[in-house]
Amino acid sequence: MFKLDSFNSPKESAHALAIEIATQLRRILSVKERTGLALSGGKSPILFLQELSQIPLEWGKCRISLVDERVSPLTDPENNALLVHTHFLQNKAQVAPFTPLVLDAGVGTEELLKHAKASYTQPDLAVLGMGEDGHTASLFACAPEYENALSSQEPIVATTPTSAPFKRLSMSLNALESCQMLFLLISGDQKRAVFERASQTLDPSLPISYILHSQKVVCHVFCA
């Protein structure tokens with residue numbers, strides 16, 4: 001299930017999403033002592049992260065985590081934790097507790113998964129992005145581990161996409177569907193066309209379609 005909101009520009013969309021996320025975090029904190037927000041990496045959410053970081057909130061009670069991560073050093077420009085540190089853990093949000101998915105990119109897959117699962121707390125909200133191939137989080141249709149990522153009851157899975165660099169850790173489909181609410185931020189004609197295809201029917205070649213047609217959680221789509 002999904003709900004679509006369209007905007008004239010990425011800036012408008014990022015601002016609206018930041019306001020909505022802050023509203024939902026306040027709602028959750030009105031009934032719970034703590035809340036959790038999982039963020040996505042890449043260039044698309046940078047405006048949103050910058051906007052959200054400036055909103056007054058009880059950030060010390062908001063656990064920040066990642067939807068997925070490339071297995072790369074923290075200093076790598078492609079690293080999602082670095083992006084969160086640079087663009088979000090600033091301003092009002094600098095006090096938010098943050099749990100990276102990958103601490104040591106030099107260890108093996110089993111060790112990576114062991115650490116990630118040990119430090120995992122189910123987030124209430126997650127903000128997703130989408131690639132032009134229809135992948136979301138690090139759920140890639142081309143990855144040998146794709147079927148496992150869709151069916152696993154484990155919260156974190158490893159994937160090795162053949163169409164993108166880096167080994168990845170990612171929230172599984174089950175973990176994403178266990179959130180109270182999901183949000184998808186996309187912009188541009190190409191991604192809009194992919195979204196339109198995925199919104200029509202469940203399509204295994206487009207991982208985002210599993211989110212859009214989920215019977216467990218509603219995905220709120222912010223599109224510019």
Side-chain angles (χ1 to χ4, degrees), residues 17-18 21-22 24-29 32-42 44-46 48-55 57-129 136-139 145 149 152-159 166-185 217:
L17 178 57
I21 291 293
Q24 295 303 327
L25 291 174
R26 288 193 192 99
R27 174 186 62 79
I28 296 167
L29 286 173
K32 287 173 59 177
E33 187 174 329
R34 304 186 76 78
T35 185
L37 169 65
L39 298 171
S40 292
S44 299
I46 288 176
F48 155 70
L49 295 175
Q50 292 171 340
E51 291 264 357
L52 185 61
S53 76
Q54 299 179 62
I55 297 179
L57 198 67
E58 291 182 283
W59 285 115
K61 297 181 179 181
C62 300
R63 292 182 302 264
I64 306 301
S65 59
L66 288 167
V67 168
D68 67 325
E69 180 62 283
R70 298 163 173 86
V71 180
S72 62
L74 183 59
T75 53
D76 192 308
E78 299 291 316
N79 187 276
N80 289 342
L82 178 61
L83 178 122
V84 168
H85 276 291
T86 303
H87 298 288
F88 177 67
L89 296 174
Q90 309 289 333
N91 306 309
K92 302 286 195 301
Q94 61 183 302
V95 299
F98 173 54
T99 305
L101 266 177
V102 174
L103 285 182
D104 182 358
V107 302
T109 302
E110 289 306 313
E111 193 66 23
L112 288 169
L113 285 169
K114 180 180 176 182
H115 161 76
K117 292 174 187 177
S119 61
Y120 181 82
T121 301
Q122 175 65 40
D124 297 299
L125 311 176
V127 179
L128 301 171
T136 191
S138 278
L139 308 183
E145 307 90 348
S152 177
Q153 296 303 299
E154 295 286 355
I156 303 294
V157 294
T159 68
F166 300 106
K167 179 164 62 178
R168 319 284 182 107
L169 294 187
S170 176
M171 289 176 66
S172 64
L173 178 62
N174 180 66
L176 291 171
E177 289 186 310
S178 297
C179 293
Q180 287 188 24
M181 301 170 73
L182 296 175
F183 298 85
L184 173 63
L185 180 64
V217 64

- Item | Spacing of CG belonging to Asp124 relative to OG belonging to Ser178, to within rounding of 0.5 Å | 11.5 Å
- Query: Does Ser172 use its side chain to pair, donor to acceptor, with the backbone of Ile156 at less than 3.5 Å?
  - Reply: no
- What closest approach, in Å, do Ala116 and Leu169 show between heavy atoms, and which atom pair accounts for it? CB-CD1, 4.0 Å
- Between CD on residue Glu51 and CG on residue Leu17, distance to nearest 0.5 Å: 10.0 Å
- Message: Just to verify, what does Phe48 make a ring-ring contact (aromatic ring centres under 6.0 Å, His included) with, not counting sequence neighbours?
- Response: none
- Between the main-chain N or O of Ser72 and the side-chain N or O of Asn79, is there a donor-acceptor pair closer than 3.5 Å? yes
- Do Trp59 and Leu89 have side-chain heavy atoms sitting under 4.5 Å apart? no
- Task: Just grab all the side chain to side chain donor-acceptor pair (under 3.5 Å) pairs involving residues 99-115, residues at least two apart or on different chains.
- Result: Thr109-Lys167
- Taking every non-hydrogen atom, the tightest pair across His85 and Gln90: O-NE2, 2.7 Å
- Message: To the closest 0.5 Å, what do you measure between CZ (Phe88) and CG (Leu83)?
- Response: 11.5 Å
- Query: Which heavy atom in Val217 sits nearest to a heavy atom in Cys179, and how many Å separate them?
  - Reply: CG2-O, 3.4 Å
- Can you tell me if Gln54 uses its side chain to pair, donor with acceptor, with the backbone of Lys92 under 3.5 Å? no
- Item | Working for side chain to side chain contact (heavy atoms under 4.5 Å, CB included), residues Leu37 and Leu39 | CA-CA 6 Å; Leu37 169 65; Leu39 298 171; 3.8 Å; yes
- Test Cys62 against Ile28 for side chain to side chain contact (heavy atoms under 4.5 Å, CB included), laying out the working first. CA-CA 10 Å; Cys62 300; Ile28 296 167; over 6 Å; no
- Task: Taking all heavy atoms of Leu66 and all of Ala81, pick out the closest pair and write down the distance.
- Result: CD1-N, 3.8 Å
- Message: Any side-chain to backbone donor/acceptor pair from Arg168 onto Val157? Under 3.5 Å, distance only.
- Response: no
- Query: Would you say Ser53's side chain and Gln50's backbone share a donor-acceptor pair under 3.5 angstrom?
  - Reply: yes
- Note on the structure: For Met171 and Ala38, the nearest pair of non-hydrogen atoms, with its separation, is SD-CB, 4.0 Å
- Go through the steps to decide whether Ile21 and Ile55 satisfy the test side chain to side chain contact (heavy atoms under 4.5 Å, CB included), and finish with yes or no. CA-CA 10 Å; Ile21 291 293; Ile55 297 179; over 6 Å; no
- Message: If I take atom OG1 from residue Thr86 and atom CG from residue Leu49, how far apart are they, to the nearest 0.5 angstrom?
- Response: 10.0 Å
- Message: For the CG atom of Leu176 and the CD atom of Gln122, what is their distance to the nearest 0.5 Å?
- Response: 8.5 Å
- Note on the structure: Between Leu82 and Leu74, the two heavy atoms sitting closest are CB-O, 3.4 Å
- Message: A side-chain contact here means heavy atoms from C-beta on lying under 4.5 Å apart; do Pro97 and Arg34 qualify?
- Response: yes
- Task: Among residues two or more places apart or on two chains, list those pairs meeting side chain to side chain donor-acceptor pair (under 3.5 Å) that have a residue in residues 62-71.
- Result: Asp68-Ser138, Arg70-Asn80
- Evaluate the criterion side chain to side chain contact (heavy atoms under 4.5 Å, CB included) for residue pair Val67 and Val127; output intermediate values, then yes/no. CA-CA 8 Å; Val67 168; Val127 179; over 6 Å; no
- Message: If I take atom CZ from residue Arg27 and atom CD from residue Gln180, how far apart are they, to the nearest 0.5 angstrom?
- Response: 5.0 Å
